[in-house]
Every structure is written in structure tokens, then in C-alpha cells.
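One-based numbering, in listed order, for ligands and for the atoms of each.
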Amino acid sequence: MSRVALVTGGMGGLGEAICIKLAALGYKVVTTYSPGNKTWKEWLDSMNKMGFGFRAYPCDVANFDSAKACVEQVAKEVGVVDVLVNNAGITRDMTFKKMDKVNWDAVMSTNLDSTFNMTKQVCDGMLDRGWGRIINISSVNGQKGAFGQTNYSAAKAGMHGFTKALALEVARKGVTVNTISPGYIGTKMVMAIPTDVLDSKIIPQIPMGRLGKPEEVAGLVAYLASDEAAFLTGANIAINGGQHMH
Ligand code: CAA
Ligand code: NAP
């Protein structure tokens, strides 16, 4: 029987590639869309036309009750979640001087609280069944910091602290917890960076001289979700074109 993979934010640049990769490998793929998303139906229809029978459910990952309702509905209509990819995230870039509490809170709750909100709904079931994969999508900027991203860098660094602590707690029960830290990938999140900043300050820091592709990150997610990756836990895997080595 095929495993169920829940990918949050699957209608975004990275999430879509992850959904497609996991579906191609035979997972039943479920994703989420945020309550304000007006185009989720079109996205689902276009994926269906391409042969991907994804299911999608409304979920504000920043809100615990919304995450709970979403996962309950998934369990009822699709099945229990075997693989959770905490992928949904946002940026609200500004220098710390300009950073207000609203933009701090929005980024912390969507990128970090969401990891608790979603994982809490699926972890006990994984432990009971003796198999599970939790994959947290962090960022190179959580590893090295980034100008204009005190909120995002803090949230993304926090995700990996969560990964390491939970990995210890669940290691003996067949559940692995890992972080992926992508560098700059060509999605709308990166395209929102002013072009002059991207060209003059960011691309020159990437030894490969290019942005990453969503498919390159999706391949890594697929490996971490697989049975072969059973001995890999608590890791933070960098995939950044050589921008940051540690
Ligand atoms: N390094 C050094 N200096 C920088 C800089 C950088 N990366 N970016 C901006 N600056 C400098 C400018 O050159 C300018 O300097 P001067 O005042 O000497 O001319 C100064 O900062 C501008 O400061 P302001 O407070 O006026 O900032 P602003 O309102 O113009 O915007 C910013 C600043 C929001 C940080 C903007 O530069 C920006 O959006 N930068 C990109 C931030 C970034 O990399 N975000 C990543 C998004 S993608 C992502 O997050 C995905 C992922 O995980 C990798
Ligand atoms: P994206 O195209 O902007 O997609 C972000 C996704 O997050 C969207 O599908 C969005 O859903 C969802 N989302 C945002 N807020 C949400 C909320 N409150 N509840 C539920 N879903 C929400 O960005 P991306 O580049 O694919 O990024 C995906 C992840 O990778 C993020 O965590 C990001 O921080 C991380 N990352 C990206 C890069 C990069 O260079 N692109 C690098 C490192 C890490 P809706 O569309 O339905 O709102």
C-alpha cells in the first residue's frame, strides 16, 4: 500500500516540485493551501491534467487549530500521514531597524510555530506504527544569517534545533527527523528580491554562479523520505551551490 505524504505549501515553487517527485515515486500526495489562496482549484486542476491526482486541503500552518483540522480531514479522507514535509514558509525582509513586531511574528509563526503545529498532529501516529519521516525545509540563511532577515534567519535556525531535539526522542521508533537547508532557488520567493540586490549581492556569493532548481531540492526530499535513509536522522543537509560550507 502506498505511503501518504503531506507537503505543506505544495502550491509554491519548491512545494510543487516536491509533490511531483513524491507522486512519481508512488506516494499518495496531499498538500495544503493557505486560506487566502484564490487559485488553489486551478492549480489542482492543472496538476490533475498532468496526471497527478493530488488532494489539497485548506490550512493555515501558523494556526494550531487549523493544522489539527487539516490533518484530521486528511486522515479521514486519504489516510494517516507517513511522511510530513514542513515546507510552507514566508519572508518579510527588512533591516532590523525597520522590523516591527507584526513582521517578526508573521515570519516566526509561519516558519517555526508551523513546524510544531503540523508535526504535533502526525508524530504520535508515526511512533505507534513504528515508521515515519519528518522533513523540515529550512534555509541557508538560517545557517549563516542574511542581511534583512533577522526574523527569517531566527525562524529557520530554530527549525533545526527542533529537528535535533525531536530526532533524539523518536530515533528508536523508526521515525527520522531531518532538516534541508536550501540556498537560493529560483521560485517566486527569490524573484521578489530586488533584481539589483540579487545580481550584485547574492548570485556572486554562489560558487556555481546560478540559482538552484526546485527539482534539485525535491530529489533530496525523496531520498530522506525513502527506506534507504533510515539511518539518517537529526541532520541538516545543505543544498546551496557551494554558497555556505560548514
Ligand atoms: N549586504 C550588504 N548590504 C546590503 C545588502 C546585503 N545583502 N542588502 C542591502 N544592503 C544595503 C544597501 O546597499 C543599502 O546600503 P546604503 O544605505 O549604504 O546604500 C542599505 O542596505 C539599504 O538599507 P535599507 O534599510 O534602506 O533597506 P531597504 O529598505 O532598501 O531594503 C532589504 C533592504 C529588504 C534587506 C533589501 O535589500 C532586500 O530585500 N535584500 C534581499 C534580502 C534577501 O536576501 N532575502 C532573501 C529572500 S529569498 C529567501 O529567503 C529564500 C532563502 O531561504 C534563501
Ligand atoms: P513560495 O513559492 O513562496 O511558496 C510558499 C508556500 O508556502 C506557498 O505554497 C504558500 O501557500 C505557503 N504558505 C505561506 N504561508 C502559509 C500559511 N500561513 N499556511 C499555509 N501555507 C502557507 O516559496 P518557496 O520558494 O517554494 O519556499 C518553500 C519553502 O522553502 C519555504 O519554507 C522557504 O522558506 C524555503 N526556502 C526557499 C528557498 C528559495 O530560495 N526559494 C530557499 C531556502 C528555503 P499559498 O500559496 O497557498 O499561500
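- Comment: Lys76 does not engage Glu72 in a salt bridge, judged by the lack of any side-chain N to carboxylate O separation of less than 4.0 angstrom.
- For atom 11 (O) of ligand 2, the nearest non-hydrogen atom from the set Gly142, Gly212, Ser34 comes from Ser34.
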Begin from the C-alpha positions of His160 and Ser138 and carry the test side-chain hydrogen bond (donor to acceptor under 3.5 Å, both in side chains) through to its verdict. CA-CA 7 Å; His160 188 53; Ser138 177; over 6 Å; no
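- Residue contacts with ligand 2 for Ser114 are absent, since no atom lies close enough (heavy atoms, distance under 4.0 Å).
- Under 4.0 Å from ligand 2, not a single heavy atom of Pro214 appears.
- The closest approach between Gly183 and ligand 2 falls below 4.0 Å for a heavy atom of the residue.
- The shortest N/O to N/O separation between Met189 and ligand 2 does not fall below 3.5 Å.
- Residue Glu16 places every heavy atom at 4.0 Å or more from ligand 2.
- Listed by atom number, the atoms of ligand 2 under 4.0 Å from Val190 heavy atoms are 39 (C), 40 (O), 41 (N).
- Among protein heavy atoms, the minimum distance from atom 10 (C) of ligand 2 is reached at Gly9 CA, 4.5 Å.
- Contact annotation: for Thr187 versus ligand 2, heavy atoms closer than 4.0 Å belong to the side chain alone.
- Among Leu211, Ile202, Asp60, the residue whose heavy atom lies closest to atom 18 (N) of ligand 2 is Asp60.
- The presence of a protein heavy atom under 4.0 Å from atom 36 (C) of ligand 1 is ruled out.
- Ranked by closest heavy atom to atom 52 (C) of ligand 1, the top entry among Ser139, Gly89, Ala192 is Ser139.
- Numbered from 1 in the order shown, with element, the atoms of ligand 2 that lie under 4.0 Å from a heavy atom of Pro182 read 42 (C), 43 (C), 44 (C).
- Checked against the 6.0 Å centroid criterion, the rings of Trp43 and Phe54 qualify as a close aromatic pair.
- With respect to atom 23 (O) of ligand 1, the closest heavy atom belonging to the protein is Thr95 CG2, 4.1 Å.
- Counting protein heavy atoms only, atom 19 (N) of ligand 2 is closest to Val61 N, 3.0 Å.
- For atom 45 (N) of ligand 1, a protein non-hydrogen atom is found at a distance below 4.0 Å.
- Atom numbering of ligand 2 starts at 1 in the shown order; those under 4.0 Å from a heavy atom of Tyr33 are 47 (O).
- To the nearest 0.5 Å, atoms CG (Asn48) and NZ (Lys41) are separated by 8.0 Å.
- When the options Asp113, Val140, Asn87, Ile137 are ranked by their closest heavy atom to atom 32 (O) of ligand 2, first place goes to Asn87.
- With respect to atom 39 (O) of ligand 1, the closest heavy atom belonging to the protein is Pro194 CD, 3.6 Å.
- No side-chain N or O of Asn236 forms a donor-acceptor pair with one of Thr163 less than 3.5 Å apart.
- In terms of protein heavy-atom proximity, atom 24 (P) of ligand 1 is nearest to Lys98 NZ, 3.6 Å.
- For atom 22 (C) of ligand 2, the closest non-hydrogen atom of the protein is Ala88 CB, 3.7 Å.
- Distances between N or O atoms of Tyr184 and those of ligand 2 include no value under 3.5 Å.
- Between Lys49 and Glu42, none of the side-chain N atoms (NZ, or NE/NH1/NH2) sits under 4.0 Å from a carboxylate O, so this pair counts as no salt bridge.
- Shortest contact from atom 40 (N) of ligand 1 to any protein heavy atom: Val197 CG1, 3.8 Å.
- Here atom 30 (O) of ligand 2 lies nearest to Leu14 when heavy atoms of Val217, Leu14, Thr32 are compared.
- Scanning the protein heavy atoms around atom 13 (O) of ligand 1, the nearest turns out to be Lys201 NZ, 3.5 Å.
- Here the protein heavy atom with the shortest distance to atom 40 (O) of ligand 2 is Ile185 N, 2.7 Å.
- Under 4.0 angstrom from ligand 2, the non-hydrogen atoms of Tyr152 all belong to its side chain.
- Against a heavy-atom cut-off of under 4.0 Å, Asn37 is close to the following atoms of ligand 2: 45 (P), 46 (O), 47 (O).
- Annotation: atom 21 (O) of ligand 1 to nearest protein heavy atom, Phe147 CZ, 3.1 Å.
- Distances below 4.0 Å separate heavy atoms of Gly13 from the following atoms of ligand 2: 2 (O), 26 (O).
- Residue contacts with ligand 1, taken as heavy atom pairs separated by less than 4.0 Å, involve Ile193 solely via side-chain atoms from C-beta onward.
- Atom 34 (C) of ligand 1 has its closest protein heavy atom at Asp93 O, 3.7 Å.
- Taking every heavy atom of Met11 and a limit of under 4.0 angstrom, the matching atoms of ligand 2 come to 9 (O).
- No part of Ile185 comes within 4.0 Å of ligand 1, judged by heavy-atom distances.
- One option in Lys97, Gln149, Met189 has a heavy atom closer to atom 50 (O) of ligand 1 than any other, and that option is Gln149.
- Below 4.0 Å from some heavy atom of Thr110 lie the following atoms of ligand 2, by number and element: 15 (N), 16 (C), 18 (N).
- Residue contacts with ligand 2: Ile90 is included, with a non-hydrogen atom under 4.0 Å away.
- For Pro182 against Leu14, the heavy-atom pair with the smallest separation is CG-CD1, 4.4 Å.
- Ligand-side atoms of ligand 2 in range of Gly89: 5 (C), 7 (O), 14 (C), 31 (C), 32 (O), range being under 4.0 angstrom from any heavy atom.
- Within a 4.0 Å radius of atom 6 (C) of ligand 1, the protein has at least one heavy atom.
- In this structure, Arg3 is positioned above the aromatic face of Trp131, its NZ or CZ under 6.0 Å from the six-membered ring centre and within 45° of the axis.
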